[in-house]
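Reviewing the structure listed below.
So you know, we letter chains A, B, ... as the sequences are listed, proteins then strands, and number each from 1. Every value quoted in this text rests on a predicted model; they were computed, and no experiment measured them.
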Amino acid sequence: KAGVTQTPRYLIKTRGQQVTLSCSPISGHRSVSWYQQTPGQGLQFLFEYFSETQRNKGNFPGRFSGRQFSNSRSEMNVSTLELGDSALYLCASSLVISSSTDTQYFGPGTRLTVL
Amino acid sequence: DAKTTQPNSMESNEEEPVHLPCNHSTISGTDYIHWYRQLPSQGPEYVIHGLTSNVNNRMASLAIAEDRKSSTLILHRATLRDAAVYYCITNAGGTSYGKLTFGQGTILTVHP
């Protein structure tokens with residue numbers, strides 16, 4: 001089975017621009033979660049989507065948004081980019097059997113650099 | 001999710017066992033304990049999880065204290081490929097859909 005794929009792998013943007021990142025989950029997985037990883041803050045949860053609905057959201061400003069399509073693929077968007085948005089953005093998918101025991105499978109991430 | 005405390009770093013020699021500790025003194029009775037690791041330049045990967053009993057899989061063993069306030073991830077024979085950041089996470093389930101709360105983790109260095 002193919003793993004979680006994320007595109008693009010690397011992205012360079014300038015302040016004020018917006019960006020869209022894409023994630024394709026493992027076939028059959030219905031939940032997609034997004035995380036931001038920075039050297040200072042570590043790995044932080046952004047949001048989770050299941051059946052095209054956002055079920056959970058982390059503590060990030062409204063500039064960060066996402067969506068999920070009927071085939072479970074997901075995109076996240078960051079508007080009005082700031083220098084502090086430079087990070088590795090990770091997507092993870094899971095089967096959704098039990099929220100307490102589900103294993104999350106992570107993609108390789110998208111490295112976003114904001115200049 | 002209960003707060004977890006892990007040592008910042010640990011070192012091991014290749015082919016020796018490694019015991020990675022984690023404290024989670026505020027864990028509730030229904031929180032599972034999960035371990036993930038992140039190899040350099042990769043996304044995190046699942047290692048093992050458990051609730052009360054010790055657990056084994058092909059990657060590692062998880063020893064859970066009787067009072068569940070601490071656990072230990074055991075790598076039986078460390079290899080260079082095991083050099084990674086190891087994260088101990090407690091997951092309350094319920095409405096914490098898709099959310100793993102990562103701490104700073106333990107950086108494991110494996111010497112040849």
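Both the backbone and the side chain of A:Thr101 come within contact range of chain B, judged by heavy atoms closer than 4.5 Å.
Considering only heavy-atom pairs separated by less than 4.5 Å from chain B, the leading option among A:Gln41, A:Gln37, A:Gln6, A:Arg111 is A:Gln37. Ranking B:Gln104, B:Gln42, B:Glu45, B:His49 against chain A, the residue ahead of the rest is B:His49, based on heavy-atom pairs under 4.5 Å. For the set A:Tyr49, A:Phe47, A:Phe45, the entry with the most heavy-atom pairs within less than 4.5 Å of chain B is A:Phe45.
At a threshold of 4.5 Å between side-chain heavy atoms, the hydrophobic network of Ile, Leu, Val, Met, Phe, Trp and Tyr places A:Leu112 and A:Val32 in one connected group. B:Tyr32 and B:Leu62 are assigned to two separate hydrophobic clusters, defined by single-linkage of ILVMFWY side chains at heavy-atom distances under 4.5 Å. In terms of hydrophobic clustering, with Ile, Leu, Val, Met, Phe, Trp and Tyr side chains grouped at heavy-atom distances under 4.5 Å, A:Ile26 and A:Leu95 are assigned to different clusters. Note on A:Leu46 and A:Leu11: same hydrophobic cluster, where clusters join Ile, Leu, Val, Met, Phe, Trp and Tyr whose side-chain heavy atoms are under 4.5 Å apart, directly or indirectly. With hydrophobic clusters built from ILVMFWY side chains whose heavy atoms lie under 4.5 angstrom apart, B:Leu20 shares a cluster with B:Val55.
Within 6.0 Å of the CG atom in B:Asn8, the count of heavy atoms belonging to other residues, nucleotides or ligands does not exceed 12. Enclosure of atom CZ in A:Arg63 by more than 12 non-hydrogen atoms of other residues, nucleotides or ligands within 6.0 angstrom is indicated. No more than 12 heavy atoms of other residues, nucleotides or ligands shown are found within 6.0 angstrom of CG on A:Asn59.
Nearest heavy atom pair, residue A:Ser33 against residue B:Gly98, reads OG-O, 2.7 Å. Of all the heavy atoms in A:Leu90 and B:Gly43, the pair that sits closest is CD2-CA, 3.8 Å.
With a 4.5 Å cut-off on side-chain heavy atoms, A:Tyr35 and B:Phe102 count as touching. Considering only heavy atoms from C-beta on, A:Asp102 stays 4.5 Å or farther from B:Tyr46 through its side chain. Contact annotation: the side chain of A:Leu43 approaches that of B:Gln38 to within less than 4.5 Å [non-hydrogen atoms, C-beta and beyond]. Two residues are said to be in side-chain contact when any heavy atoms from C-beta on lie closer than 4.5 Å; A:Glu48 and B:Leu100 fail this criterion.
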Does A:Gln104 form a side chain to side chain contact (heavy atoms under 4.5 Å, CB included) with B:Ile89? I'd like the steps, not just the answer. CA-CA 12 Å; A:Gln104 291 195 15; B:Ile89 300 164; over 6 Å; no
